[in-house]
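Written out below as structure tokens is the structure these notes cover.
So you know, we letter chains A, B, ... as the sequences are listed, proteins then strands, and number each from 1.
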4 protein chains.
Amino acid sequence: MPAKLPAPESSDTKAQRTRTRILNAAAQVLSVKGYAGTRLTDIADQAELRAPAIYYYFKSREDLIEEVMFCGISDLRTYLQDALDALPPDTAPMDRIMTAVESHLRHELELSDYARASIRNSGQIPGHLKTRQKKEEAAYDRIWRGLMKDAAAEGQIRADLNPPLAQALVLGALNWTAEWWHPRRGSVETMVSNAQVFVKHSLSPVPKKQRTTRRR
Amino acid sequence: MPAKLPAPESSDTKAQRTRTRILNAAAQVLSVKGYAGTRLTDIADQAELRAPAIYYYFKSREDLIEEVMFCGISDLRTYLQDALDALPPDTAPMDRIMTAVESHLRHELELSDYARASIRNSGQIPGHLKTRQKKEEAAYDRIWRGLMKDAAAEGQIRADLNPPLAQALVLGALNWTAEWWHPRRGSVETMVSNAQVFVKHSLSPVPKKQRTTRRR
Amino acid sequence: MPAKLPAPESSDTKAQRTRTRILNAAAQVLSVKGYAGTRLTDIADQAELRAPAIYYYFKSREDLIEEVMFCGISDLRTYLQDALDALPPDTAPMDRIMTAVESHLRHELELSDYARASIRNSGQIPGHLKTRQKKEEAAYDRIWRGLMKDAAAEGQIRADLNPPLAQALVLGALNWTAEWWHPRRGSVETMVSNAQVFVKHSLSPVPKKQRTTRRR
Amino acid sequence: MPAKLPAPESSDTKAQRTRTRILNAAAQVLSVKGYAGTRLTDIADQAELRAPAIYYYFKSREDLIEEVMFCGISDLRTYLQDALDALPPDTAPMDRIMTAVESHLRHELELSDYARASIRNSGQIPGHLKTRQKKEEAAYDRIWRGLMKDAAAEGQIRADLNPPLAQALVLGALNWTAEWWHPRRGSVETMVSNAQVFVKHSLSPVPKKQRTTRRR
DNA sequence: GATGAATGAGTATTCATTCAT
DNA sequence: CATGAATGAATACTCATTCAT
């Protein structure tokens with residue numbers, strides 16, 4: 001799977017650079033206009049070439065979009081995994097979750113049109129384009145489930161929260177930022193720290209002496 | 001306000017009933033397929049008539065969609081306002097927020113295709129269809145801002161949260177449920193109570209004495 | 001299968017007339033330009049409407065062409081069968097073949113663009129469009145085989161001819177007329193009588209006392 | 001006459017060999033897919049090079065196809081002329097026709113994609129590609145007309161046949177074999193002898209004494 | 001009121017052709 | 001000589017929209 005990781009301008013041959021330019025353009029358009037609203041001519045405009053040139057690199061519009069969507073979720077997972085692996089082994093579960101929040105948000109807000117495209121269109125793409133994507137989504141979900149489980153095992157998740165639902169609410173809060181956030185609303189740093197505080201306390205039980213009051 | 005509020009069963013003339021049927025159908029399709037993916041023939045199928053009939057009731061596809069979107073957000077606001085007005089005047093700010101969470105979620109998950117359509121497509125609709133909608137969105141936002149401000153004024157919002165960002169995170173968590181929630185993931189009641197717990201603690205400072213009641 | 005028999009201008013509703021107009025136009029273009037060379041806009045021009053109107057009556061270009069091809073061979077068979085059925089029961093086999101020659105030629109040369117389309121394109125059409133057609137072709141072939149067999153049984157086919165090959169040569173001579181014949185080359189009547197003489201003697205053994213010299 | 005006659009194995013330079021490879025490939029594709037269905041990439045595939053390479057040897061697709069078509073009919077004529085010239089000067093007209101039948105059929109069935117291409121597409125090619133071809137076709141036709149005339153002059157053509165029409169029927173029977181013949185239907189030898197018998201008797205008047213030899 | 005019939009403006013896709021290398 | 005890369009012109013097909021009935 002060449003060009004799986006979109007390296008904005010650093011590929012080898014000219015052809016690979018063009019291919020990447022098209023992918024980047026597609027990610028950009030897709031993240032803004034949505035699946036059904038994404039037209040090849042818009043992508044071509046953005047990539048500064050003519051629409052038929054796209055067919056030199058991709059078999060069809062669907063293939064191109066599929067690759068963008070796959071890259072989006074795949075990158076998200078890779079970077080999250082890397083971020084977690086980089087933590088000291090004894091990092092507390094909730095701190096690992098904070099790292100995950102930061103990784104997710106940074107990707108979504110400042111790094112990647114692919115992530116935004118993937119996040120915003122995941123629910124609108126026809127099933128036959130989701131084969132590879134579904135696997136990555138499941139893998140991404142599995143990482144988060146692991147984080148939640150570890151946290152729960154150490155009593156760091158409120159007993160009155162259903163972990164899968166709580167996880168979905170957390171990711172929802174993060175995903176939705178793609179719909180509204182804009183640099184004018186504050187720096188990414190501010191966004192990250194607010195989200196971290198928000199998530200941490202949404203999940204955490206009352207700090208002290210909580211263990212006994214698990215069921216109200 | 002003709003047909004502004006879709007009252008599925010209570011219209012007068014046959015014409016009004018047909019108009020409502022079309023609106024309902026449009027809301028349904030729009031909430032599932034998204035703005036660019038919504039075709040008049042799909043709406044017509046759902047409404048059990050032919051596409052040209054739609055033009056007897058709406059000037060254009062855009063007009064129809066605009067009305068659905070407007071109804072969605074407008075309903076959301078009306079019902080939220082009603083729910084808040086029904087609370088005892090001395091209800092604590094955080095309890096008012098809990099009511100708002102419930103109102104928003106119930107609308108989104110079990111009551112209204114319009115709400116879902118409005119929520120999921122708000123970011124994909126061309127600007128010229130958003131004139132009326134923007135006002136309603138602003139009004140809806142204002143209600144939430146009021147709730148947050150009241151809560152903050154009573155020290156019920158953590159100091160390390162920026163209220164507007166926190167509010168957006170809350171609404172994001174709620175809005176995103178439309179993307180993933182499904183009766184199989186648990187009842188609406190479960191969903192509501194989890195969301196309430198989630199939101200309350202995400203916002204609340206470390207409690208000195210936890211007294212708030214979660215059910216009104 | 002409505003419109004299977006193209007009745008040039010005699011259908012019931014206006015819609016059926018338009019459908020037939022499109023079929024006729026398609027048959028005409030197809031018989032001249034061939035499968036790959038037939039463009040929907042040419043058909044539309046010929047039918048005096050715009051290309052998208054075709055989709056109101058046919059699912060796709062392929063569907064339309066398939067129907068033309070099917071009608072062509074199907075008509076050919078029906079008319080041949082009718083012509084044979086109209087003969088007195090005791091008609092001699094070679095006379096029945098003469099009737100078949102006339103039926104085939106008249107169809108091809110003066111009656112039907114469909115027949116011409118069918119004949120000239122049978123070998124160039126993608127397999128998946130030939131499902132119905134193949135059956136008709138087989139049926140048409142079966143009629144001719146029957147004629148040949150009857151003639152052979154009565155010793156009216158030369159012993160030094162392989163009947164299937166001879167049949168193919170006969171039909172080849174007839175089919176190819178579509179490639180060159182033109183009213184300027186003589187009337188259809190002349191064409192028919194020449195073809196009949198040609199075929200009769202190509203097949204017939206030396207008239208008298210031939211039975212004993214079957215093998216040279 | 002550079003590359004006019006495709007001599008598959010005998011060209012001088014590599015360039016000429018490549019040119020011939022392209023022509024052969026084009027003849028092959030053209031004989032199968034037909035004029036409008038022949039794509040340069042298919043030809044390139046068959047010739048084991050890329051489509052743009054073709055432009056080094058031919059000005060355009062049309063030029064290439066024109067040359068294939070011209071070669072097809074030109075070869076047919078040359079070989080027929082050669083075959084006739086090789087006959088003893090006193091060969092009977094009908095025997096000369098038998099030779100012509102064999103020459104035509106062998107070319108069409110076992111020797112030349114060019115002949116097949118030429119025969120099958122003659123009626124589908126736009127007029128402006130037929131300038132050279134028409135001349136060759138006329139010349140080929142003239143040879144046959146000569147054969148027919150000679151036969152008629154010796155009373156070897158039935159009086160109830162119009163010679164030009166009869167000639168067209170003969171060639172039709174032969175040409176059409178390209179549409180259906182396949183080695184599975186019998187050897188070329190069988191095909192040839194059947195066609196000879198078929199043609200001879202289709203044309204011949206009732207014989208007084210049958211003396212002609214069918215094999216030269 | 002509602003529909004059948006038709007159309008114009010797009011939109012993905014194909015293909016011959018060009019051109020720099 | 002030959003190819004990789006790119007494009008313009010076509011072409012099938014979709015869809016919102018119109019209009020006579």
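Between the CZ atom of R21(D) and the C1' atom of dC1(F) there is a distance of 11 Å, rounded to whole Å. Here the C1' atom of nucleotide dT14(E) and the CZ atom of F58(A) are 18 Å apart, to the nearest Å. In this structure, D42(A) places its CG atom 8 Å from P of dA12(E), rounding to the nearest Å. What separates CD of E62(A) from P of dT11(E) is a distance of 16 Å, to the nearest Å. The distance from atom CZ of R19(B) to atom P of dA2(E) is 13 Å, rounded to the nearest whole Å. Following rounding to the nearest Å, L129(D) (CG) and dA16(E) (P) show an atom-to-atom distance of 14 Å. Remark: C1' of dA5(F) and CZ of R17(A) are 13 Å apart, rounded to the nearest angstrom. In this structure, I65(C) atom CD1 and dT11(F) atom C1' are separated by 13 Å, rounded to whole Å.
A cation-pi geometry, defined here as NZ or CZ lying under 6.0 Å from the six-membered ring centre and within 45° of its normal, holds between R132(C) and F70(C). Geometrically, R61(D) engages Y35(D) in a cation-pi contact, judged by NZ or CZ lying under 6.0 Å from the ring centre and within 45° of the ring axis.
The nearest pair of heavy atoms linking I54(C) to L40(C) is CD1-O, 3.8 Å.
In summary, E66(C) and K59(C) do not engage in a salt bridge, as defined by a charged side-chain N under 4.0 Å from a carboxylate O. Remark: R21(C) does not engage E48(C) in a salt bridge, criterion side-chain N to carboxylate O under 4.0 Å.
Of the residues in residues 28-41 of chain A, those with a non-hydrogen atom less than 4.0 angstrom from any atom of DNA chain E are T38(A), R39(A), L40(A). Contacts between residues 43-57 of chain A and DNA chain F, counted as heavy-atom distances below 4.0 Å, involve L49(A), R50(A), P52(A), A53(A), Y56(A), Y57(A).
Judged by distance alone, the side chain of S31(A) and the main-chain N or O of R116(A) form no donor-acceptor pair under 3.5 Å.
Dashed line: the shortest gap from a side-chain N or O of K14(B) to OP1 or OP2 of dA2(E) is under 4.0 Å. For T18(B), no side-chain nitrogen or oxygen approaches OP1 or OP2 of dG1(E) to under 4.0 Å.
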Strand DNA chain E as a dot-bracket string - pairs counted if Watson-Crick or G-U with both distances under 3.5 Å, | where the partner lies in another strand: .||||||||||||||||||||
side-chain contact (heavy atoms from CB on, under 4.5 Å) evaluation trace for I22(A) with L49(A): CA-CA 9 Å; I22(A) 293 172; L49(A) 37 70; 4.1 Å; yes
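For the atom pair N24(C) CG and R19(C) CZ, the distance stands at 11.0 Å (nearest 0.5 Å).
Taking 4.5 Å as the limit, every side-chain heavy atom of K33(C) sits out of range of all side-chain heavy atoms of R120(C). No side-chain heavy atom of L30(B) sits less than 4.5 Å from a side-chain heavy atom of Y114(B).
Just one residue in the list M69(C), E67(C), E62(C) forms a side chain to side chain contact (heavy atoms under 4.5 Å, CB included) with I65(C), and that residue is M69(C).
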